[in-house]
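To start, the structure under review is shown below, and the notes come after it.
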Amino acid sequence: MTDRRSSMGSSSDDPPNSRLFIIAPKTLNEDDFRKAFEEFGNIEEIWVVKDRQTGDNKGVTYIKYSKTSEAAKALETMNGKVLGGAIRSIKVMIAASREQGSKRDSNEEEKMQRLFVMVPRSMMDSELYDYFKQFGDIDYASVIKDKTTRESKGFAYVKYLKFSQAAAAFEQCDRKYKPVFAEPRKSNMSRNEDRNYSSSSFDFNRDFNKSGHTLQSLPVPPEHYNNDGYTKLMIIASPQVNQDQLWKLFDIVPGMDYCQLRYEGDRMRPSRAIAEVVYNSPQWASYAKEKFHGFEYPPGYRLIVRPEYDNLRSTSYSSKSLEKKPDILQIAETIAQASSLIQAAGLSPDLLQAKLGLIAPSKDSEVYCSIKLPDVQPLAGIDDETAARCFIVCTPTALPNSVLKDIFCRFGNLIDVYMLNNRNCGYAKFSSRKSAEDAIHTLHGADILGTRIKVLEAEERGDNNRKRQRIDAESPF
DNA sequence: CGACGGGACGC
DNA sequence: CGACGGGACGC
């Protein structure tokens, strides 16, 4: 049952793109094809299609190779060639799957030249390029990133100029990349409005947990800016945020009247923080909404900011806001501050903290982490192998990836860090044993953003591990 | 007290 | 121009 041929048959597309579809003069027979195509690799089958009744050659032939790269070389060399004294040349293509039949999609070539690969979340485009260029001429190498945070999603596209180059990468790249041939990008179909912007569908858990896909990306028409007249905002934030922090954050925008915060849920372990923030003018209120909605504070946790309409003031604000309005320079500076804050959301929490130092100077690092952290260090090189792994446990719940990365990179040589799906444990991979040991030594038992983390040496993966405790218990002392 | 991931592109 | 046959029971 481990024999994949038994269920697939040699005419299937396994490995992918290893079967040729050939249009050729009807005079050519199987031997003609064999002679011409055997030099490119191991041919599993040649099938010259004949009419069921008459037995006539239909001018269509399939050739199945063992390897994708063999089919690639054969295609690139033989397409357009004339075989065995025939008049017309042959046309060589990659056969579509049997299910797909004869229909072909628009981006035919892209399907053969582009790979979809898994990469460590630390990998950047340039590193991806530098690794994959050894297999051929790269059209582009692109790590997919979250739209708003710019964090890597952990996968990437690599497109080559030739099928044979993509095939070489597909077969020879390190298996940790788990390469597959990429599905062609969806062509100009009907522009689907797949996002649901209904404003009543705020879901705290969704917006809290999901990275990068919040209502924040909603395009807001400029007219919306001042029209509503609201001056009060409702904020939903991580329960780790306190009133002082939130006050200082929203006070960046001029004209804040007050900020009041309460917690929801268990008193000892609140589920979220809810705040009301009131500005002395609708302009600043909507400006603040614009800037802070979706902003990561603390890093990894997006604020949800929405207008509150219950308390609309008429026009009484106007005189007040006029008299309190700072001068132009001051406004410009403040906006610049706020903007750099917003941009910093995509950067490391370390850098973000530096920015936040402007407004919450003293104990911000203690909010972030209970211990003194080393400085941020560069990640491991792209060819570095994993030398040691840490096993991580977060209580009560997993930390966001951006935070994990920031914490664990500080010991140097970090390859990747991730939590297992829907669990509070995960792994950090290092290319240096010392780095892993340092991380364990420093981070074990630390408190990060209100989350207690354990950092242990990871057990060898795979086989059932004997329990150490038992052995320890048996040994005297 | 938790143990081995994940998969689709801003036009 | 141009899209899918034939093989066959062993442990």
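It should be emphasised that the depicted structure is a prediction, and the values quoted were computed from it without experimental measurement.
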Can you list the residues that meet the side chain to side chain contact (heavy atoms under 4.5 Å, CB included) rule with [X], with sequence neighbours excluded?
{"X": "A:Lys26", "answer": "A:Asn57"}
{"X": "A:Glu38", "answer": "A:Arg34, A:Ile43"}
{"X": "A:Glu127", "answer": "A:Met123, A:Met124, A:Ile382"}
{"X": "A:Thr77", "answer": "A:Phe40, A:Lys81"}

Name the closest nucleotide to the A:Lys147 side chain, picking from B:dG10, B:dA8, C:dC4.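 Nearest nucleotide to the side chain: B:dG10.
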Nearest to the A:Val60 side chain among B:dG5, C:dG2, B:dC4, which nucleotide is it?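 Looking only at side-chain atoms, A:Val60 lies closest to C:dG2.
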Heavy-atom contacts under 4.0 Å between residues 67-95 of chain A and DNA chain C, which residues?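 Result for residues 67-95 of chain A: A:Lys91, A:Ala95, sorted by number.
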Tell me whether A:Phe21 and C:dG2 count as stacked here, given that the ring centres must be under 5.5 Å apart and the planes must differ by less than 30 degrees.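 A:Phe21 vs C:dG2: stacking no.
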With the criterion set at under 5.5 Å between ring centres and under 30 degrees between planes, would C:dC4 be stacked on A:Tyr62?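 According to the criterion (under 5.5 Å, under 30°), yes, A:Tyr62 stacks.
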Please report the distance, rounded to the nearest Å, between [atom1] in [X] and [atom2] in [N].
{"X": "A:Tyr418", "N": "B:dA3", "atom1": "OH", "atom2": "C1'", "answer": "10 Å"}
{"X": "A:Glu44", "N": "C:dG7", "atom1": "CD", "atom2": "P", "answer": "19 Å"}
{"X": "A:Met118", "N": "B:dG5", "atom1": "CE", "atom2": "P", "answer": "11 Å"}
{"X": "A:Arg52", "N": "C:dG5", "atom1": "CZ", "atom2": "P", "answer": "5 Å"}
{"X": "A:Arg19", "N": "C:dC4", "atom1": "CZ", "atom2": "C1'", "answer": "7 Å"}
{"X": "A:Phe116", "N": "B:dC9", "atom1": "CZ", "atom2": "P", "answer": "8 Å"}
{"X": "A:Lys145", "N": "B:dA8", "atom1": "NZ", "atom2": "C1'", "answer": "14 Å"}
{"X": "A:Arg114", "N": "B:dA8", "atom1": "CZ", "atom2": "C1'", "answer": "8 Å"}

Under-3.5 Å donor-acceptor pair between [X] side chain and [N] base:
{"X": "A:Glu45", "N": "C:dG6", "value": "yes"}
{"X": "A:Glu183", "N": "B:dG7", "value": "no"}
{"X": "A:Lys178", "N": "B:dG6", "value": "yes"}

Could you pick out which residue, A:Lys50 or A:Ala24, lies toward the 5' side of DNA chain C when each is mapped onto its nearest nucleotide?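 With A:Lys50 and A:Ala24 compared, the 5'-side residue is A:Ala24.
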Is the shortest distance from a Lys or Arg side-chain nitrogen in A:Lys133 or A:Asp137 to a carboxylate oxygen in the other one below 4.0 Å?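 Between A:Asp137 and A:Lys133 there is no salt bridge, as every charged N stays at least 4.0 Å from the carboxylate O atoms.
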Is A:Glu45 salt-bridged to A:Lys64, going by a charged N under 4.0 Å from an acidic O?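 Here A:Glu45 does not pair with A:Lys64 in a salt bridge, since their nearest N and O are not under 4.0 Å apart.
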Just call it for [X]: base, sugar-phosphate, or nothing, with non-hydrogen atoms closer than 4.0 Å on any strand.
{"X": "A:Arg452", "result": "nothing"}
{"X": "A:Val49", "result": "nothing"}
{"X": "A:Val119", "result": "base"}
{"X": "A:Ile22", "result": "nothing"}

Just do the side chain to side chain donor-acceptor pair (under 3.5 Å) check on A:Glu76 and A:Ser164 with the steps written out, would you? CA-CA 8 Å; A:Glu76 288 168 2; A:Ser164 57; 2.8 Å; yes
Assign each of A:Lys454 and A:Leu420 to its nearest nucleotide of DNA chain B by heavy atoms, then name whichever residue's nucleotide is nearer the 5' end.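 It is A:Lys454 whose nearest nucleotide is closer to the 5' end.
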Which residue, A:Ala182 or A:Asp416, contacts DNA chain B at a nucleotide closer to its 5' end, judged by nearest heavy atom?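 It is A:Asp416, whose closest nucleotide lies nearer the 5' terminus.
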For the residue pair A:Phe33 and A:Phe37, categorise the inter-ring angle as parallel (less than 30°), tilted (30 to 60°) or perpendicular (more than 60°).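 Rings of A:Phe33 and A:Phe37: tilted, as their planes differ by 30° to 60°.
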Could you classify B:dG2 for me, syn or anti, using a glycosidic angle within 90° of 0 as syn?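 With its glycosidic angle within 90° of zero, B:dG2 counts as syn.
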Please find out if less than 6.0 Å separates the ring center of A:Phe391 from that of A:Tyr427.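 Centroid separation for A:Phe391 and A:Tyr427: below 6.0 Å.
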Give the intermediate values and the outcome of side chain to side chain contact (heavy atoms under 4.5 Å, CB included) for residues A:Met419 and A:Cys394. CA-CA 9 Å; A:Met419 302 302 283; A:Cys394 297; 3.7 Å; yes
Respond yes when some side-chain nitrogen or oxygen of A:Lys26 is under 4.0 Å from OP1 or OP2 of C:dG2, and no when none is.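 Yes, A:Lys26 has a side-chain N/O under 4.0 Å of OP1/OP2 on C:dG2.
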Can you check whether A:Arg98 has a side-chain N or O nearer than 4.0 Å to OP1 or OP2 of C:dG5?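 No, outside the criterion.
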Mind checking ring-ring contact (aromatic ring centres under 6.0 Å, His included) for A:Phe430 and listing every partner two or more places apart, or none if nothing turns up?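 Partners of A:Phe430 under the ring-ring contact (aromatic ring centres under 6.0 Å, His included) test: none.
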Who are the ring-ring contact (aromatic ring centres under 6.0 Å, His included) partners of A:Phe116, not counting sequence neighbours?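 Partners of A:Phe116 under the ring-ring contact (aromatic ring centres under 6.0 Å, His included) test: A:Phe155, A:Tyr157.
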For DNA chain B, which residues of [range] approach it to below 4.0 angstrom with any heavy atom?
{"range": "residues 385-396 of chain A", "answer": "A:Arg389, A:Phe391, A:Val393"}
{"range": "residues 123-139 of chain A", "answer": "none"}
{"range": "residues 424-442 of chain A", "answer": "A:Cys425, A:Tyr427, A:Lys429"}

Show every side chain to side chain donor-acceptor pair (under 3.5 Å) that has at least one partner inside residues 170-182 of chain A, sequence neighbours left out.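 As it turns out, the side chain to side chain donor-acceptor pair (under 3.5 Å) pairs with a partner in residues 170-182 of chain A, which skip direct neighbours, are A:Ser69-A:Glu171.
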Residues A:Ser370 and A:Asp447: side-chain donor-acceptor under 3.5 angstrom: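 There is no such pair between these side chains.
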Check whether any side-chain heavy atom of A:Phe408 lies under 4.5 Å from a side-chain heavy atom of A:Ser435, and answer yes or no.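 When only atoms from C-beta onward are counted, A:Ser435 and A:Phe408 do not touch, as no gap falls below 4.5 Å.
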Side-chain donor-acceptor contacts of residues 437-445 of chain A below 3.5 Å, not counting sequence neighbours, with atom names and distances?
from	atom 1	to	atom 2	distance (Å)
A:Asp438	OD1	A:Lys434	NZ	3.4
A:Asp438	OD2	A:Lys434	NZ	2.8
A:Thr442	OG1	A:Asp438	O	3.0
A:His444	ND1	A:Val455	N	2.9
A:His444	ND1	A:Val455	O	3.4

